[in-house]
J.: 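Here it is, the structure, as structure tokens.
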Protein chains: 2
Amino acid sequence: MHAIREAMAEMHARSEAIPPVSPAVESLVRQVIAQVADKWTMLVLEALEERGTLRFTEVGRVVGGISQKMLTKTLREMERDGLVVRTVHPVIPPHVDYTLTELGRELSAAFCGVWTWAETYYAQVSAARKAFREREEGA
Amino acid sequence: MHAIREAMAEMHARSEAIPPVSPAVESLVRQVIAQVADKWTMLVLEALEERGTLRFTEVGRVVGGISQKMLTKTLREMERDGLVVRTVHPVIPPHVDYTLTELGRELSAAFCGVWTWAETYYAQVSAARKAFREREEGA
DNA sequence: TTTGACACTCTCCTTTTGGTGCGTATGGCA
DNA sequence: TGCCATACGCACCAAAAGGAGAGTGTCAAA
């Protein structure tokens, strides 16, 4: 009855022994990856990379299709992680702008490969999806 | 009263004019990015990249901390997108194994930069987070 | 005869994600 | 006098993500 439970428990237990680097580092890296490999983060990163400094609404416009709530949240997290600098000009109406830090620019460069992959292979991905759909419809 | 509504509407309308490439391609690329830039997808990709062919439970063990449900879902999506090949050996107990396709290997290579970034800069990210926490506690 | 193994599927439940719409401060403009 | 603009915060709600646990089918070993 509890076969799966035990199997999964063992799976998790044994997985501790597998990582080649220290588990603490591995965990941190995964945490960073999980938060950084976010759709909006990638999009904002790209917007700031190719446009330089932008204001709040400008980021939204360039990214496109993002709600104010998610824009705020994404920018806050990026600021917290040291990817962007938030500069507030105390004027009325408020003026805030966002710029990538060196860390942010490095990350953007790292993601460049993924963008290139997507642009190079998106046609192959759609083809694969189409074939998959047809296979399961035929079944 | 409807200032925000109008601002956002205009934001979305104008955003159509900004992308440098065709909007259809842009949309597809974003779709691909959004699905591929997923935590579990990245982790499974890496597991298969460095271990070669793996069975279902082996993938789970190597990735670590993933539920069966998410493992199934992630592998199915990757199969659908042409990133992995799923081979069923009709024996009992069942034996299914997963291997990266060329497309999958290319994507894995593309993500390599992000992994490197995370490993290189995770310490800077934690430092940034710590500084951020202290700043907001002090405020 | 019971049990375990694999690779799932299904249901139930909680957590997270994300959208909408409202409120806010205040100097400048009509 | 009163509305507009910016960059949010907050409350409410729907949808999706994700985890836990049980069930499945069949054969071989205990």
Side-chain angles (χ1 to χ4, degrees), chain A residues 1-12 14 30-31 34-35 37-44 53-80 84-99 136 139, chain B residues 1-12 31 34-35 37-44 53-80 84-99 136 139:
Chain A
M1 289 318 144
H2 48 295
I4 291 168
R5 223 164 337 180
E6 272 181 14
M8 291 302 279
E10 196 193 350
M11 193 167 119
H12 290 181
R14 257 196 284 174
R30 286 191 181 204
Q31 220 185 98
Q35 276 163 14
D38 167 72
K39 183 190 166 193
W40 295 128
T41 303
M42 286 185 66
L43 260 12
V44 169
T53 298
L54 291 174
R55 305 179 56 168
F56 181 80
T57 48
E58 287 174 335
V59 177
R61 197 180 320 156
V62 173
V63 167
I66 186 171
S67 70
Q68 291 189 331
K69 185 183 171 178
M70 287 314 295
L71 186 53
T72 305
K73 195 190 157 205
T74 305
L75 286 169
R76 274 284 180 287
E77 285 175 358
M78 291 176 73
E79 189 198 356
R80 185 200 55 179
V84 299
V85 187
R86 180 168 174 267
T87 315
V88 182
H89 301 102
V91 294
I92 287 158
H95 184 133
V96 180
D97 44 41
Y98 296 90
T99 313
E136 63 176 11
Chain B
M1 288 318 142
H2 48 297
I4 292 169
R5 226 161 337 185
E6 275 181 12
M8 291 302 280
E10 195 193 349
M11 195 167 117
H12 291 181
Q31 221 186 97
Q35 275 162 17
D38 166 73
K39 183 192 168 192
W40 296 127
T41 303
M42 286 185 68
L43 259 13
V44 169
T53 298
L54 291 175
R55 304 177 57 165
F56 181 81
T57 47
E58 286 174 335
V59 178
R61 198 181 320 157
V62 174
V63 168
I66 186 171
S67 69
Q68 289 189 332
K69 185 182 170 179
M70 288 314 295
L71 186 52
T72 304
K73 197 191 155 206
T74 304
L75 286 169
R76 276 279 180 292
E77 286 175 358
M78 290 175 75
E79 189 197 357
R80 187 199 54 179
V84 298
V85 187
R86 178 169 174 268
T87 314
V88 183
H89 302 99
V91 294
I92 286 158
H95 185 133
V96 180
D97 45 40
Y98 297 89
T99 314
E136 64 176 8

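Computed from a predicted structure; not experimentally measured. Below, all heavy atoms of this structure are taken into account, side chains as well, without hydrogens, waters or symmetry copies. Throughout, a chain's letter reflects where its sequence line sits, starting with A, and its residues are numbered from 1.
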J.: Would you mind reading off the distance between B:Phe56 atom CZ and C:dA7 atom C1', rounded to a whole angstrom?
T.: 6 Å
J.: Mind checking what makes side chain to side chain donor-acceptor pair (under 3.5 Å) contact with B:Thr87, not counting sequence neighbours?
T.: none
J.: Expressed as a whole number of angstroms, how long is the span from A:Leu71:CG to D:dG9:C1'?
T.: 14 Å
J.: For residues B:Met78 and B:Arg86, determine if any side-chain heavy atom of one lies less than 4.5 Å from a side-chain heavy atom of the other.
T.: no
J.: Can you check the B:Gln68 CD to D:dG18 C1' distance for me, whole Å?
T.: 14 Å
J.: Grab the N/O contacts between the protein and nucleotides 13-19 of chain C below 3.5 Å, and write none if there aren't any.
T.:
from, atom 1, to, atom 2, distance (Å)
C:dG18, N7, A:Lys69, NZ, 3.0
C:dG18, O6, A:Lys69, NZ, 3.4
C:dG19, OP2, A:Ser67, OG, 2.7
C:dG19, N7, A:Lys69, NZ, 3.4
C:dG19, O6, A:Lys69, NZ, 2.2

J.: At less than 4.0 Å, is any side-chain N or O atom of A:Thr57 found next to OP1 or OP2 of D:dT6? Yes or no.
T.: no
J.: Quick one: does A:Ile66's side chain get under 4.5 Å of A:Leu43's, heavy atoms only?
T.: no
J.: Compare every heavy atom of A:Thr74 with every heavy atom of A:Val44, then report the nearest pair and how far apart it is.
T.: CG2-CG2, 4.1 Å
J.: Looking only at heavy atoms, what is the nearest atom pair of B:Tyr98 and B:Arg76, with distance?
T.: OH-NH1, 4.3 Å
J.: Taking the side chain of A:Arg55 as its heavy atoms from C-beta onward, which of D:dA7, D:dC8, C:dC8 lies nearest to it?
T.: D:dA7
J.: Separation of A:Leu75 atom CG from D:dT6 atom P, in whole Å?
T.: 16 Å
J.: Can you check the A:His95 NE2 to D:dC4 P distance for me, whole Å?
T.: 22 Å
J.: Roughly how far, to the nearest 0.5 Å, is NZ of A:Lys39 from OG1 of A:Thr41?
T.: 11.5 Å
J.: Could you label the plane-to-plane angle of the A:His89 and A:His95 rings as parallel, tilted or perpendicular, counting under 30° as parallel and over 60° as perpendicular?
T.: perpendicular
J.: Is any side-chain heavy atom of A:Arg80 closer than 4.5 Å to one of A:Gln35?
T.: yes
J.: Send over the distance from B:Leu54 CG to C:dA7 P, rounded to a whole Å.
T.: 11 Å
J.: Check whether any side-chain nitrogen or oxygen of A:Arg86 sits under 4.0 Å from OP1 or OP2 of D:dC8, and answer yes or no.
T.: yes
J.: Determine, for nucleotides 25-30 of chain D in 5'-to-3' order, which nucleotides have protein heavy atoms under 4.0 Å from the base (write B), from only the sugar-phosphate (write S), or from neither (write -).
T.: BBS---
J.: A side-chain contact here means heavy atoms from C-beta on lying under 4.5 Å apart; do B:Trp40 and B:Leu71 qualify?
T.: no
